[in-house]
There are 4 protein chains.
Amino acid sequence: MARQIDGKKKERIQDAAVVEIAHWGYYQTTVARIAKRAGVADGTIYLYFKNKEEILYSVFERAMGRFINEGRASLEKSTGAKEKLRNIVELHLTLVGEDRDQAIITQVELRHSLHFMDQLSRAQVGEYLEIIGKAVVQGQESGEFRADLDPVFAAKAIFGVLDEMATDWVLSRRNTRLESKTSAVFDFIWAGLRVC
Amino acid sequence: MARQIDGKKKERIQDAAVVEIAHWGYYQTTVARIAKRAGVADGTIYLYFKNKEEILYSVFERAMGRFINEGRASLEKSTGAKEKLRNIVELHLTLVGEDRDQAIITQVELRHSLHFMDQLSRAQVGEYLEIIGKAVVQGQESGEFRADLDPVFAAKAIFGVLDEMATDWVLSRRNTRLESKTSAVFDFIWAGLRVC
Amino acid sequence: MARQIDGKKKERIQDAAVVEIAHWGYYQTTVARIAKRAGVADGTIYLYFKNKEEILYSVFERAMGRFINEGRASLEKSTGAKEKLRNIVELHLTLVGEDRDQAIITQVELRHSLHFMDQLSRAQVGEYLEIIGKAVVQGQESGEFRADLDPVFAAKAIFGVLDEMATDWVLSRRNTRLESKTSAVFDFIWAGLRVC
Amino acid sequence: MARQIDGKKKERIQDAAVVEIAHWGYYQTTVARIAKRAGVADGTIYLYFKNKEEILYSVFERAMGRFINEGRASLEKSTGAKEKLRNIVELHLTLVGEDRDQAIITQVELRHSLHFMDQLSRAQVGEYLEIIGKAVVQGQESGEFRADLDPVFAAKAIFGVLDEMATDWVLSRRNTRLESKTSAVFDFIWAGLRVC
DNA sequence: TATGAATGAGAATTCATTCAT
DNA sequence: CATGAATGAATTCTCATTCAT
């Protein structure tokens, strides 16, 4: 049962960190403020995380984990490459759009952190790019997508479009739903991929 | 002539800041280290900049200024929309690829800073997006590009692709030339825009 | 029998403290580390000791107790003052040389602690000095030792020599046996005491 | 002139540290308290010392330096070995007796610190022991001192006596003058050394 | 008795900024 | 204009001690 409680407390700290970092940015966020929001003492943070950096790190991992896992699951559900790609686009925009604070971390703070802890983060982005790349390859093999496109390049281009939409949504604090862009985004990507 | 010398010193500080921030990130960069690299005293920095943030700010402005100015010039040179777009792609990748340190600022540090000084920076990105958007509109009016595309959306999508390529190049420390991606990038974008 | 077990646990904590403090010094030793080495929970420490200082305190007491008790016993065994003194020298060097960790506490950490808890510790050193002093007095009364020497001063001088040898042995991490110095030390002291 | 001022400020910090450490012990002394006593800001400390440990370190060096330098000078002044030794005894007790706070550092705090920074401190004690040892050797060569004594051992024994007197004086807060012990101490040592 | 998670006061250190020279 | 010593607020992290179980 202690385990249960621990798990809860660790998550509470992570949740608090997401809110604080989203609001203040990583460097302006103090451990004290995270602790206060999580409703624990400053020192308690250090029972669950080695240091401040580890908090950020774990928050990223948690978020990227969802993208990768749900991305994979989504691929298995659908069969056609076009459909798969549409699902990825929708999933990406939905997941980002679900939680603005988390999105700020992923779209804004993560970028910055890439700088000094790229090994992990970039590896995870790489994993995500691979998922997209696989869908592209499948589409090329089935003849749905043009074959003269490097799948690695295509994956990056697709990610770039998704990412800019997400960043734009995060920074323009409008109250639109990000998923509503799904069709337009998929349309643009699809135009770039289809055999014409 | 005093102005001349002053101007030089201000630029030296900015140049030093670019190198230091690219290497250490904004928050890990100390004013003292910038001063040392610029060959001036710590206090001298404050004769040219109100505070540390202003340095970062001015470095962004300088960089974005080049993108906007050269982007505009490029638009005027060419007449056809397709050609214009191709020039923008080439220009973007060339400018980013020219100076890796500066690129790190723009691609990595800028993102983070958008967070707390978005009003200006985003405005400048907006200005840049507008330049791209104008080329799209022209292409639609001339019938070169499909008309069923929101130009604002298209500009963002194009910027997203360019931006991901730039970020990828910055973070993967390979020694390739970024401009070499021009054709592939333009090809992808063009496929998404042309009347099919 | 519960007492028995408790007693064992208290001793285990003291033993662990000796090792840890000898290795890390008093201030660098954490209660948690002592607990871990003793194989008990952190909180358990406080069932046996009022606070961290008390642990150190009790470890000193235990060690000084042995010096005083064995010193006294030694005095009773031998009859002649010269012999008594020789026994004290040998005993001191043997006891110190028996356990390096304990010696580090006594020779190095004790000094530091004298500073803020001198009342007790110094009292115990005083007790030990008295034992030495009594041997001196006896020697003077029997005519074996010169009479023109203040016994209190002589005791301190003798203790000083013994102490420096012990400290030197502790700090120079050589593998010599400390007792091997007995003859040389006694010889020097004897020269200072005898009627010439 | 800046140099002059710096030198003064550094010394002021060292002096403040001596008083504070003597009163509170090294670990209970805070940098803030040293700064306050020295009349400088906390941060200023770090312009002159890399960290807290360096302060202690430099204070030791300064103190031991005096012992070594004045010890050497004293050796050169006198010619006979007996006289030299007497001078060392007097000098040692005088220097220690001059400044109780400084003496606390040397007699109490230094011991403790030997534990974790012995390389330097013990080296300096070693240098001091050598000075004593040389006087012993000279006395043996001239026939003043007995030849059957290991000079290294003799130096340690002498140092031990001096040291115990100093420690005893520091810890017993009586208002006696430490130099007044010179004759008694020298007498005891001399008895141990002379040809009998 | 025994546990060990939680606490929170406390300390070292950094660094943007100022200002006397 | 230029300097760089001095400042002191602010932040991370540690660890002795407590207390509910």
Side-chain angles (χ1 to χ4, degrees), chain A residues 1-3 5-6 9-10 13 27-36 38-55, chain B residues 2-3 5-6 9-10 27-36 38-55, chain C residues 2-3 5-6 9-10 27-36 38-55, chain D residues 1-3 5-6 9-10 13 27-36 38-55:
Chain A
M1 217 202 78
R3 266 273 189 65
I5 287 164
D6 291 356
K9 200 162 274 187
K10 186 169 187 178
I13 294 168
Y27 281 101
Q28 309 291 26
T29 295
T30 66
V31 173
R33 208 145 41 193
I34 294 174
K36 198 170 181 187
V40 299
D42 295 17
T44 305
I45 299 274
Y46 292 88
L47 296 177
Y48 296 93
F49 301 93
K50 223 183 69 210
N51 50 37
K52 187 185 164 186
E53 202 176 318
E54 282 282 310
I55 306 173
Chain B
R3 264 277 189 67
I5 289 167
D6 292 354
K9 199 165 271 189
K10 185 169 187 176
Y27 281 101
Q28 311 288 24
T29 294
T30 64
V31 173
R33 207 144 43 193
I34 294 173
K36 196 172 183 188
V40 300
D42 295 15
T44 306
I45 300 269
Y46 292 84
L47 298 174
Y48 295 93
F49 301 92
K50 214 183 80 207
N51 52 35
K52 186 185 169 188
E53 206 175 313
E54 282 285 308
I55 307 173
Chain C
R3 265 275 190 68
I5 289 167
D6 293 355
K9 200 165 271 188
K10 185 169 187 174
Y27 280 101
Q28 312 288 23
T29 294
T30 64
V31 173
R33 207 144 43 192
I34 293 173
K36 196 172 183 187
V40 300
D42 295 16
T44 306
I45 300 269
Y46 291 85
L47 298 174
Y48 295 93
F49 301 92
K50 215 184 77 205
N51 52 35
K52 186 184 169 188
E53 205 175 314
E54 282 285 309
I55 307 174
Chain D
M1 216 201 76
R3 266 274 189 63
I5 288 165
D6 291 357
K9 199 161 276 187
K10 185 169 188 176
I13 294 168
Y27 280 102
Q28 309 290 26
T29 295
T30 66
V31 172
R33 207 143 45 192
I34 295 174
K36 197 169 183 187
V40 299
D42 295 17
T44 305
I45 300 273
Y46 292 88
L47 296 177
Y48 296 94
F49 301 93
K50 219 183 72 207
N51 50 37
K52 188 185 165 188
E53 202 176 317
E54 282 283 309
I55 306 173

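Note that the coordinates shown come from a computational prediction; the quantities given were computed from them, not determined experimentally. Reckoned from all heavy atoms, side chains included, excluding hydrogens, waters and symmetry mates.
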Tell me the bend of the helix from E:dA2-F:dT21 to E:dT21-F:dA2 as the angle between end helix axes, each from five pairs, rounded to the nearest 10 degrees. 10°
Can you tell me how far P of F:dG8 sits from NZ of D:K36, to the nearest Å? 12 Å
Starting from C1' on E:dG8, measure out to CD1 on A:I45 and report it in whole angstrom. 13 Å
Separation of E:dA2 P from C:K10 NZ (nearest whole Å): 13 Å
Between the side chains of A:Y27 and B:Q28, is a donor N or O closer than 3.5 angstrom to an acceptor N or O? yes
Output the distance between atom CD1 (C:I45) and atom CD1 (C:I34), rounded to the nearest 0.5 Å. 6.0 Å
Under 4.0 Å between a side-chain N/O of B:K9 and OP1 or OP2 of F:dA2, yes or no? yes
Starting at the 5' end of nucleotides 9-17 of chain E, put B wherever the base has a protein heavy atom under 4.0 Å, S where only the sugar-phosphate does, and a dash everywhere else. --SSBBSSB
For nucleotides F:dT21 and E:dT1, find the distance between their P atoms and express it as a whole number of Å. 22 Å
Once rounded to the nearest 0.5 Å, what's the spacing between atom OG1 of A:T30 and atom CG of A:D42? 8.0 Å
Heavy-atom closest pair, residues A:Y46 and A:N51: CE2-CA, 3.9 Å
If you compare all heavy atoms of B:K52 against all heavy atoms of B:T29, which two are closest, and at what distance to 0.1 Å? NZ-O, 2.8 Å
Among the candidates E:dT3, F:dT3, F:dA2, find the nucleotide nearest to the side-chain atoms of B:Y48. F:dA2
Quick one: does A:F49's side chain get under 4.5 Å of A:K10's, heavy atoms only? yes
Closest-nucleotide ordering on DNA chain F, the 5'-leading residue of D:L47 and B:L47: B:L47
Among the candidates F:dT7, F:dC1, F:dT3, find the nucleotide nearest to the side-chain atoms of D:V40. F:dT7
What's the CD-P distance between A:E54 and F:dC13, to the nearest Å? 10 Å
